[in-house]
Amino acid sequence: MADTKREIERKYESSESGLPDLTGVAGVAAVIDKGVAHLDATYYDTHDERLAASSITLRRRTGGSDAGWHLKFPVAPGVRDEIRAPLSDTVPRTLAALVRSRVRDAELLPLVRLRSDRDVRHLVDADGTLLAEASVDAVRAERLGADTEVQWTEIEVELADGADPAVLDKIDKRLRRAGVRPSGSASKLARALTETAPKKKRRPKPAKAPVTAGDHVLAYVRAQRDAIVALDPAVRRDEYDSVHRMRVATRRMRSAFRSFRKVLDRTVTDPIGEELKWLAGELGVDRDQEVLTERLTAALDELPRTLLAGPVRTRLRTWSHARSSGSRRRLIAVLDGKRYLELLTALDALVADPPLLKAAAGQPEKTVAKAVGKDFAALAGLIEQALTLPPSQDRDLALHEARKKAKRTRYSAEAAVPALGDPARTLLKSMKALQGLLGDHQDSVMAREALRELARQAQAAGESSFTYGVLYGREERRAADDEARLPAAWTAIKETTTV
């Protein structure tokens, strides 16, 4: 069983003088000596250090109050989420799963051993409440399998659970006044890997700024690949909105393949796009049902009691549960499956050796703008066709197709922002608004279909269908309002679009 802790800390270089006196820090009433802890940690990674490349650490540590396995994911500078598991001889399956999107089929090996003598001080307020823990760590780092060892001393200040982060700023000021400077390494492991690395080992070169059209498209595609990989652990842990965000990343990348087909060879991207479509479908198995249920529940909440007839809420819950697939276990199986891992490998290969066409070498201002303009023109045709139709199922279908094209245009504009600047930003903003309007209309269409089904079920069970009719009428009026707003909204978009 693993648990999670948010770790907020700052690291500093330490001189021979050790930890400066912190008793005068505002809010700190006392500094309590907690003695010296002897820590022994072995850090695991692949042979090519894939976890370290993502600033992720996986270690097995003994000594101290938190002996066990620790997996740390970066959240922000100085902030990490630490996921813990009990001490065992091998990497716990729960933690191994959380790094699978980065590790793939590679073996997790013990790479570095860090032994630290930690001299600990607790900083407490007037009530004795712990504010932060400050320590001086004497570190010995050994790269396993090589006769390489380095030593250093550092100061670490970690915020106590529930304490005000401003405490760290106050401590930082005191340390800087005493001549203490922030560490040049983000973590002990990062420093150990750098200082014990073989001399001939090449470090990755920093990414260059995009220049060509291909550079800009690839930067966008790479960002979506990175998002899918990074969101994998969050989806496995069922973090809020993680499934939706991963699904959006798959859609963005697939949309980029279509919009910029003059830049990337479709014979390579089309098969990957089909796999992205499959993954998006798996991620959305229950998502659409959840959104629809939330909409209907909110609509029920807005109704006066006088308009509620029969066991409507119970009927809605039963209907929603019956339509849900219980996909949580299925989704984890997908993420653990061969097909998903092969997709990630294909994305890596695409980014590493992109199938660039002749247009990729062109100026982004021309090539990228042409692709975005083509998407917008196709959207314009769909919108104007829909506006000629009377309210009907055909119009609903036409507006749904326009919604999908607006989403694609939004993503292509999003990819074009670094190359085109303000014109792309303006279009992006317009597409978000248009997508919202058309999305609300489509949600109303789906809600009305659901309400007809619920009414039929209620009638078959001898229940009143009155409330479903009331909700249907409200959804119908809401869709009509959306349709009434569309002509003016579309005119304003055309007038401001310059891409």
Side-chain angles (χ1 to χ4, degrees), residues 1-7 9 11 37-75 79-116 118 137 139-152 154 156 158 185-198 201-204 226 229-237 332 335-336 341 344-345 348:
M1 189 69 179
D3 55 27
T4 304
K5 178 181 182 298
R6 176 61 56 88
E7 178 184 84
E9 65 181 18
K11 294 180 179 293
H38 303 286
L39 310 176
D40 191 339
T42 299
Y43 288 78
Y44 285 68
D45 205 336
T46 60
H47 72 282
D48 51 358
E49 300 175 16
R50 298 179 192 178
L51 298 184
S54 300
S55 299
I56 296 171
T57 61
L58 172 63
R59 74 185 180 200
R60 180 186 186 276
R61 190 165 81 179
T62 58
S65 60
D66 60 348
W69 285 90
H70 305 155
L71 175 61
K72 299 186 181 186
F73 288 98
V75 176
V79 182
R80 293 186 291 182
D81 277 343
E82 181 179 275
I83 304 167
R84 299 175 177 178
L87 203 60
S88 61
D89 293 335
T90 58
V91 179
R93 292 177 60 185
T94 52
L95 302 189
L98 295 177
V99 297
R100 187 163 290 127
S101 64
R102 293 174 172 86
V103 172
R104 315 288 167 79
D105 294 326
E107 185 179 1
L108 286 167
L109 305 167
L111 290 189
V112 171
R113 183 182 182 186
L114 292 181
R115 284 167 286 181
S116 304
R118 171 167 290 180
D137 295 350
V139 184
R140 290 170 291 159
E142 173 192 0
R143 183 177 283 265
L144 300 175
D147 187 19
T148 310
E149 184 173 300
V150 294
Q151 300 182 25
W152 71 88
E154 68 179 37
E156 183 174 295
E158 181 175 350
S185 297
S187 67
K188 291 181 177 66
L189 176 62
R191 181 167 181 171
L193 288 172
T194 298
E195 296 189 9
T196 65
K201 184 172 182 179
R202 295 182 179 180
R203 293 294 177 183
D226 292 348
V229 171
L231 284 165
D232 177 292
V235 170
R236 292 175 185 273
R237 295 168 62 198
I332 298 302
L335 298 183
D336 285 339
L341 295 180
L344 296 184
T345 300
D348 286 347

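All values below were derived from every heavy atom in this structure, side-chain atoms included, with hydrogens, water molecules and symmetry-related copies excluded. Bear in mind that the values here come from a model prediction, so they are computed numbers and not experimental data.
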TODO: List the steps and the verdict of side-chain contact (heavy atoms from CB on, under 4.5 Å) for I56 and L58.
DONE: CA-CA 7 Å; I56 296 171; L58 172 63; 5.7 Å; no
- [ ] Return the set of residues passing side-chain hydrogen bond (donor to acceptor under 3.5 Å, both in side chains) with R93 (not counting sequence neighbours), or none when no residue passes.
- [x] none
Open item on the list: Can you give me the closest heavy-atom contact between D232 and A97, atom names plus distance?
Closed with: OD1-O, 4.2 Å
- [ ] To the nearest 0.5 Å, tell me how far Q151 CD sits from R140 CZ.
- [x] 7.0 Å
TODO: With the side chain counted from C-beta on, respond yes when L144 and T42 share a heavy-atom pair under 4.5 Å apart, and no when they do not.
DONE: yes
Open item on the list: Treating R60 as the side-chain partner and S88 as the backbone partner, does any N or O pair qualify as donor plus acceptor under 3.5 Å?
Closed with: yes
Task: Residue pair L108 / V99, side-chain heavy-atom distance below 4.5 Å - done: yes
Open item on the list: With a 4.5 Å cut-off on side-chain heavy atoms, are T196 and E149 touching?
Closed with: no
TODO: Evaluate side-chain contact (heavy atoms from CB on, under 4.5 Å) for S185 paired with E195, printing each intermediate quantity in order.
DONE: CA-CA 11 Å; S185 297; E195 296 189 9; 5.9 Å; no
Open item on the list: Using modelled atom types and a 3.5 Å cut-off, is there a donor and acceptor pairing between side-chain atoms of D45 and backbone atoms of L51?
Closed with: yes
Task: Donor-acceptor pair, side chain of R236 and main chain of L335, under 3.5 angstrom - done: yes
TODO: Measure the shortest side-chain to side-chain distance between T57 and H70 over non-hydrogen atoms and say whether it is less than 4.5 angstrom.
DONE: no
Task: Charged N-O contact under 4.0 Å between D48 and R50 - done: yes
Task: A141 to W152 - nearest heavy-atom pair and separation - done: CB-CZ3, 3.7 Å
Open item on the list: Looking at every non-hydrogen atom in both residues, tell me the closest pair between Y43 and L189 and how far apart they are.
Closed with: CD2-CD2, 3.7 Å
- [ ] For R113 and E142, indicate whether the former's side chain and the latter's backbone hold a donor-acceptor pair under 3.5 Å.
- [x] no
Task: R80 and S187 side chains, donor-acceptor separation under 3.5 Å - done: no
Open item on the list: So, taking the atom named CZ in R59 and the one named CG in L71, what distance separates them when rounded to the nearest 0.5 Å?
Closed with: 10.5 Å
Task: D40/R115 ion pair, N-O < 4.0 Å - done: no
TODO: Write down the atom of T46, the atom of A106, and the distance for their closest heavy-atom approach.
DONE: CG2-CB, 3.7 Å
TODO: For the residue pair V139 and R191, establish whether any side-chain heavy-atom pair is separated by less than 4.5 Å.
DONE: no
TODO: Answer whether the closest heavy-atom distance between the side chains of R100 and L341 falls below 4.5 Å.
DONE: yes
TODO: Compare every heavy atom of P233 with every heavy atom of R102, then report the nearest pair and how far apart it is.
DONE: NH1-CG, 3.9 Å
- [ ] Only pairs at least two apart or in different chains count here, so list each salt bridge (charged side-chain N to carboxylate O under 4.0 Å, His left out) that has a residue in residues 63-75.
- [x] E7-K72, R61-D66, D66-R84, K72-E82
Open item on the list: Closer than 3.5 angstrom, by distance alone: can the side chain of R143 be matched with the main-chain N or O of L193 as a donor-acceptor pair?
Closed with: yes
